[in-house]
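Each remark here refers to the structure printed beneath this line.
Computation of the quantities below employed the complete heavy-atom set of this structure, encompassing side-chain atoms and omitting hydrogens, waters and symmetry-equivalent molecules. The chains referred to below are lettered A, B, ... by the order of the sequence lines, with proteins before strands, and numbering in each begins at 1.
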Protein chains: 2
Amino acid sequence: MDEIARRAGVSKTTVYRALSGQGRIGEDTRRRVLDIAEEAGYRPNRLARGLRRSRTGLIGVVVPGIEGQFYARVLEGIEKALQDVDHRVLLTVSRGEQEYELVESLLDMQVDGLIVASESDSPDFYERLLRRRVPIVFIDREVPGLHADLVATDHFAGGVLLAEHLRDKGYRKPAFLSVTDRPRPIGSIEDRWCGFRSVFRNACLLHHPFMGSVKRLLREGGDAAPAETFSELCLLALRGALEPLATFPYDCVFAQYDHFALAMIHLLQAHGIRVPQDVGVVGFDDHDFTEYTEPPLTTIRQPLREIGLQAAQRLLRRLEEPDLPAAALRLPPRLVARRSSDPLAAMEQP
Amino acid sequence: MDEIARRAGVSKTTVYRALSGQGRIGEDTRRRVLDIAEEAGYRPNRLARGLRRSRTGLIGVVVPGIEGQFYARVLEGIEKALQDVDHRVLLTVSRGEQEYELVESLLDMQVDGLIVASESDSPDFYERLLRRRVPIVFIDREVPGLHADLVATDHFAGGVLLAEHLRDKGYRKPAFLSVTDRPRPIGSIEDRWCGFRSVFRNACLLHHPFMGSVKRLLREGGDAAPAETFSELCLLALRGALEPLATFPYDCVFAQYDHFALAMIHLLQAHGIRVPQDVGVVGFDDHDFTEYTEPPLTTIRQPLREIGLQAAQRLLRRLEEPDLPAAALRLPPRLVARRSSDPLAAMEQP
DNA sequence: CTGAAAGCGCTAACAA
DNA sequence: TTGTTAGCGCTTTCAG
């Protein structure tokens with residue numbers, strides 16, 4: 001900027017005024033400065049601007065992982081919404097370990113706000129931040145005991161949708177597979193349960209830490225993996241599920257995750273039970289492979305991109321109005337009932 | 001920092017020395033300053049530090065999209081490698097449009113370096129940056145005509161692996177589906193072709209812009225989508241592929257992408273051709289749904305996370321040694337031959 | 001309409 | 001061992 005000022009024979013301030021379009025300035029000087037800046041290929045240093053204005057245009061994002069499609073899609077939505085208003089995403093992946101440290105480091109970098117998919121079990125850390133008026137929007141999971149902005153799927157509605165679908169298909173004795181390995185069940189799965197039970201009063205709840213088994217197998221596995229693929233891993237984790245279920249005359253299963261649903265189907269088939277004739281199985285979207293499974297799998301599609309978009313927008317809004325009361329936004333999911341007819345048939349016949 | 005200096009009764013510089021652990025300082029003052037800083041919850045402003053040192057610890061990343069698993073996984077590797085050395089990822093998604101602007105904006109934010117999955121067809125823009133000695137590592141695709149660091153899959157090796165696999169399975173007359181919609185064929189697919197042909201001298205090349213069809217359908221589709229799912233879309237795009245192929249007595253097909261491979265399988269089956277008995281089909285990893293398809297699909301797994309890790313490490317190295325000569329690192333892919341036996345059988349029998 | 005000066009928070013060089 | 005000073009590049013305020 002100094003060089004431009006010198007070359008144009010004006011002060012830094014004038015250059016700034018020309019470039020920013022703010023403040024009174026003579027048309028001729030403005031043109032001259034702009035031309036010189038253009039020619040010199042001048043680009044403002046956003047870091048310096050951030051330091052001065054204490055507004056960086058950086059938004060910190062913390063997610064547990066992005067290898068699965070779940071957070072990748074949410075992230076896509078976040079980035080899109082922010083790019084549209086010329087903000088940038090500072091991305092960190094917590095991998096179940098570093099959440100708080102990462103949040104701190106993002107704040108050190110002077111992000112304007114945070115979007116966090118937290119795995120925290122206690123509200124203390126975030127309560128402190130909120131008291132310091134750090135703008136935060138949580139996504140996907142709520143932090144237990146914390147009153148803060150949240151954007152997530154409406155899991156209750158998802159439970160209702162799946163229950164209604166099963167009921168419409170003629171099933172009557174549903175089993176609900178709770179899969180959590182946490183001390184307190186995950187809120188989202190509890191919500192699904194409530195929704196599910198509001199339709200099926202007689203639903204049977206099978207509580208078992210399948211998810212924990214998968215994680216343990218993954219950890220222990222290391223190189224000597226107990227299974228080649230993740231789907232096989234899920235199969236291993238679910239192996240014990242049939243005996244406890246057998247005490248209940250179920251005719252359909254809500255398996256919480258698509259991977260589990262598929263494993264459950266394989267498991268049932270291995271025991272000579274036909275799907276969906278004898279027993280129906282439904283999942284809940286954590287992946288988009290459901291297009292490809294055999295037999296077709298009915299599932300709930302979560303509005304992932306939309307969650308990201310809404311979270312970003314909420315955060316931007318909060319930057320303008322820091323006193324906005326905290327609110328939870330629960331977005332409706334969509335039932336994806338895979339027709340069992342061959343999609344190809346429909347396409348090739350006509 | 002000023003406040004801590006005041007409270008400790010020393011100069012800012014001393015506080016800095018205590019906190020940074022650099023320069024000589026009395027043990028007692030050091031302790032005192034550290035205690036006060038701790039108590040005051042002091043955290044250094046990395047933005048200011050960046051401005052002063054002109055080293056921000058920010059790495060700009062540009063990818064075309066992250067909804068598919070491809071770049072999400074690469075990104076995971078990048079983030080991991082950078083997090084390990086306390087650097088942060090500034091993520092942007094170009095969505096086939098804004099690549100150059102995004103790169104500029106990242107530079108405005110004073111990133112230390114860039115990792116770019118470019119869709120550019122011309123080297124001019126990046127050549128200018130490289131002349132300005134901006135550290136850049138490209139991933140996945142090379143920019144035509146540009147001599148720069150690149151980390152990517154060894155597509156030639158991938159082509160060889162698939163060809164050898166097909167040969168070992170007894171196939172003799174392979175068809176290679178080139179799917180590009182670009183003026184110049186994408187380098188990676190050319191490499192696959194070269195590798196493939198080094199094994200099968202008689203391979204037949206079917207050149208047709210299937211990929212372009214898919215994109216067009218996606219664009220035109222809008223709400224009135226011509227197909228419910230992406231897999232159906234691929235099927236539509238491939239419909240015309242069988243006639244040109246029919247002129248060649250092929251007994252197997254290399255379909256470039258898993259989605260196409262699967263669509264091809266369905267297409268063949270719809271025409272009464274059995275897979276893999278009559279015709280074998282192989283893909284090339286762009287997704288991890290191959291675990292779930294029916295019939296099983298043999299494919300090449302690209303070392304995506306590793307690409308990210310290596311790219312980040314290369315960039316970090318280049319930050320230290322700006323004069324490193326540009327180099328291409330091509331990482332070996334892995335053949336994933338899906339056994340057609342039921343994985344469950346293997347697990348449940350014993 | 002234009003310019004001078006101060007300062008965001010940190011760091012590096014130099015002086016005491 | 002400690003302190004003083006200057007400056008990264010931009011923005012704001014106040015003065016001309």
Should the pair Phe138(A) and Tyr126(A) be assigned to parallel (<30°), tilted (30 to 60°) or perpendicular (>60°) ring geometry? perpendicular
Thinking salt bridges, do [X] and [Y] make one under a 4.0 Å N-O criterion?
X: Arg88(B); Y: Asp108(A); value: no
X: Arg330(A); Y: Glu306(A); value: no
X: Asp35(B); Y: Arg31(B); value: yes

Whole-Å distance between [N] [atom2] and [X] [atom1]?
X: Arg52(B); N: dC10(D); atom1: CZ; atom2: C1'; value: 16 Å
X: Lys12(B); N: dA12(C); atom1: NZ; atom2: P; value: 14 Å
X: Tyr16(A); N: dC8(C); atom1: OH; atom2: C1'; value: 13 Å
X: Leu19(A); N: dT11(D); atom1: CG; atom2: P; value: 9 Å
X: Glu3(A); N: dG9(D); atom1: CD; atom2: C1'; value: 14 Å
X: Met1(A); N: dC8(D); atom1: CE; atom2: C1'; value: 13 Å

Quick one: which of dT1(D), dT11(C), dT12(D) gets closest to the side chain of Arg24(B)? dT1(D)
From dC10(C), dG3(D), dT2(C), nucleotide with atom closest to Thr13(B) side chain: dG3(D)
So for Thr29(B) and dT1(D), does any side-chain atom that can act as donor or acceptor lie under 3.5 Å from a complementary atom in the base? no
Any donor-acceptor pair under 3.5 Å joining the side chain of Arg17(A) to the base of dG3(C)? yes
Check every strand shown and say whether Leu51(A) touches a base, only sugar-phosphate, or nothing at a heavy-atom separation below 4.0 Å. base
With sugar-phosphate meaning primed atoms plus P, OP1 and OP2, does Thr14(A) contact a base, only sugar-phosphate, or nothing at under 4.0 Å between heavy atoms? sugar-phosphate
Axis-to-axis angle for the helix from dC1(C)-dG16(D) to dA16(C)-dT1(D), ends of five pairs each, to 10°, equals 50°
Has Tyr42(B) got a side-chain N or O lying under 4.0 Å from the OP1 or OP2 atom of dC10(C)? yes
